[in-house]
Amino acid sequence: MINKSTEASIITSYFNSGVYVKDSMDRIFKFCDFYYKKKFEIIYINDGSTDNTLIELKKLANLKKPFYSNCVIKIIDMKKNFGQAGAYITGMLQSTGKRIIILEGDFVKEQEINLNNFYKKYLTFEKKGTDLLILDKIFISRSIVDTIFSFLFWKIYFFTSGIKLKQNICWTRIFDRKILNEVIKYDSLEFNANKIFLKKSKSFKVLNVKKKFKGYSNYTFFKKLKLAITLIFYSFTRLRKININFQKKKYMKRIQSLVKI
């Protein structure tokens, strides 16, 4: 459901990332403060973390809220770790903003990624008909195995999915709610997100960040391999529309608790 008075819904998820919560939260509120005359909805997702992530989210959100009257804060606690796609889709279904901003928990702490500039670029592109802006980052792999694995996986995935891009694109993106209303109709969204987003976008742009980042991941090599095989498998499947209410119920069942601050 859209709230026309809400400029944008900012969604970010964390998995065992308590150490990153403060930095990323500071960056998000700094952005909202820049647009203090506009109303924002911030949705923080604890994606089944077993560390202090949820505690930090609630504690810091309660400390910040009195100073940011233009922000509505929601904290979603997932029953278990469903991965980025599962967490973000759950957050999208709870969003009400005219635009959706998805940020990866570790990305927003990088000083080189200026959220103000990212949003300004989107607004500029939006006037020219662009309804989806995706951020792309170049990662420094930890090992030769990681480098080879990532290279082969994305080459195969792009080939099988038909996505016409040269390299991996991340989940950090801004898009119009109209896209969300379309993509949520597909049953394989969790595994075909990029394919469906690009297919339903009227006009998209990929914004490259030139600097290389080390990044981080809590996924083991075998968990990455399992995910890679699953993604490639779904690349071959035909996109199929389903009942939206069924889709919403499926993802709502994944929520342990939802707190509005």
Side-chain angles (χ1 to χ4, degrees), residues 1-49 51-78 84 87-124 126 133 135 137 170-177 180 207 209 213 216 255-261:
M1 182 182 294
I2 186 172
N3 184 337
K4 294 183 179 180
S5 66
T6 302
E7 173 77 6
S9 295
I10 304 170
I11 304 170
T12 186
S13 76
Y14 305 84
F15 173 57
N16 289 342
S17 306
V19 67
Y20 291 102
V21 170
K22 185 179 184 304
D23 285 343
S24 60
M25 195 174 281
D26 285 344
R27 297 290 300 281
I28 291 172
F29 278 107
K30 185 177 180 181
F31 166 76
C32 293
D33 195 38
F34 184 82
Y35 292 97
Y36 66 93
K37 292 183 179 180
K38 298 183 182 295
K39 183 179 177 182
F40 289 94
E41 176 183 62
I42 308 173
I43 301 175
Y44 295 109
I45 304 170
N46 174 45
D47 189 17
S49 300
D51 66 353
N52 66 334
T53 296
L54 183 61
I55 295 172
E56 287 296 298
L57 284 172
K58 289 181 176 179
K59 179 181 73 175
L60 294 172
N62 277 299
L63 288 174
K64 294 280 187 181
K65 176 58 182 174
F67 302 98
Y68 297 92
S69 58
N70 66 324
C71 297
V72 173
I73 305 171
K74 294 178 182 178
I75 297 176
I76 297 175
D77 183 28
M78 305 289 279
Q84 285 183 316
Y88 290 134
I89 294 168
T90 304
M92 287 183 233
L93 290 171
Q94 289 293 327
S95 69
T96 62
K98 293 182 290 186
R99 303 176 185 88
I100 313 294
I101 304 174
I102 295 183
L103 303 169
E104 297 185 12
D106 61 330
F107 277 24
V108 292
K109 80 181 189 67
E110 301 288 1
Q111 295 301 317
E112 290 78 6
I113 299 175
N114 189 306
L115 188 51
N116 288 352
N117 290 343
F118 188 37
Y119 192 62
K120 285 179 182 177
K121 286 184 187 304
Y122 174 80
L123 294 179
T124 300
E126 186 181 57
L133 178 60
L135 186 66
K137 285 178 61 176
C170 68
W171 260 104
T172 297
R173 61 191 63 188
I174 304 174
F175 53 94
D176 187 276
R177 172 161 289 276
L180 174 58
L207 184 65
V209 177
F213 295 88
Y216 82 100
I255 298 176
Q256 180 73 31
S257 64
L258 190 156
V259 181
K260 187 175 179 181
I261 297 175

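Not measured: the values here are computed from a predicted model.
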Taken to the nearest 0.5 Å, the spacing of L133 CG from I174 CD1 works out to 5.5 Å

Here the gap from I101 atom CD1 to L135 atom CG, rounded to the nearest 0.5 Å, amounts to 12.5 Å

Is it true that a side-chain atom of N70 and a backbone atom of C32 form a donor plus acceptor pair closer than 3.5 Å?
yes

| Side chains of T96 and E41: do they bring a donor and an acceptor to under 3.5 Å? | yes

CD1 of I45 to CD of Q94, rounded to nearest 0.5 Å, is 9.0 Å

When rounded to the nearest 0.5 Å, the distance separating CD1 of I43 from CD1 of I100 is 7.5 Å

| request: Please tell me if the side chains of I11 and M92 come closer than 4.5 Å, counting only heavy atoms from C-beta onward. | output: yes

What do the steps show when you test V259 against K74 for side-chain contact (heavy atoms from CB on, under 4.5 Å), and what is the final call? CA-CA 6 Å; V259 181; K74 294 178 182 178; over 6 Å; no

*Return yes if a side-chain donor-acceptor contact under 3.5 Å exists between R177 and S95, otherwise no.*
yes

Inset, instruction - Go through the steps to decide whether I255 and T90 satisfy the test side-chain contact (heavy atoms from CB on, under 4.5 Å), and finish with yes or no. - result: CA-CA 8 Å; I255 298 176; T90 304; 3.7 Å; yes

So Y44 and F29, would you call those rings parallel, tilted or perpendicular, with 30° and 60° as cut-offs?
tilted

Between Y122 and F118, does the ring centre distance come in under 6.0 Å?
no

Taken to the nearest 0.5 Å, the spacing of N52 CG from S17 OG works out to 10.0 Å

Is there a donor-acceptor contact under 3.5 Å from the side chain of T53 to the main chain of G18? yes

When rounded to the nearest 0.5 Å, the distance separating OG of S49 from CE of M78 is 11.0 Å

- Do the side-chain N and O atoms of E7 and Y119 include a donor-acceptor pair separated by under 3.5 angstrom? yes

Check: residues 57-67 side-chain donor-acceptor pairs under 3.5 Å, at least two apart:
{"from": "K59", "atom 1": "NZ", "to": "E56", "atom 2": "OE2", "distance (Å)": "3.1"}
{"from": "N62", "atom 1": "ND2", "to": "K58", "atom 2": "O", "distance (Å)": "2.8"}
{"from": "K64", "atom 1": "NZ", "to": "D26", "atom 2": "OD1", "distance (Å)": "2.7"}
{"from": "K65", "atom 1": "NZ", "to": "C71", "atom 2": "O", "distance (Å)": "2.2"}

Report the C-alpha separation of I75 and L54 in whole Å, then their side-chain angles, then the decisive distance to 0.1 Å, and conclude whether the side-chain contact (heavy atoms from CB on, under 4.5 Å) test is met. CA-CA 9 Å; I75 297 176; L54 183 61; 4.0 Å; yes

Open item on the list: Do F40 and F31 make a side-chain contact, defined as non-hydrogen atoms from C-beta onward lying under 4.5 Å apart?
Closed with: yes

- request: Given side-chain contact (heavy atoms from CB on, under 4.5 Å), test L115 with L103 step by step and report yes or no.
  value: CA-CA 9 Å; L115 188 51; L103 303 169; 3.9 Å; yes

Checking side-chain polar atoms at under 3.5 Å, does Y14 have a donor or acceptor matched by the opposite partner on S24? yes

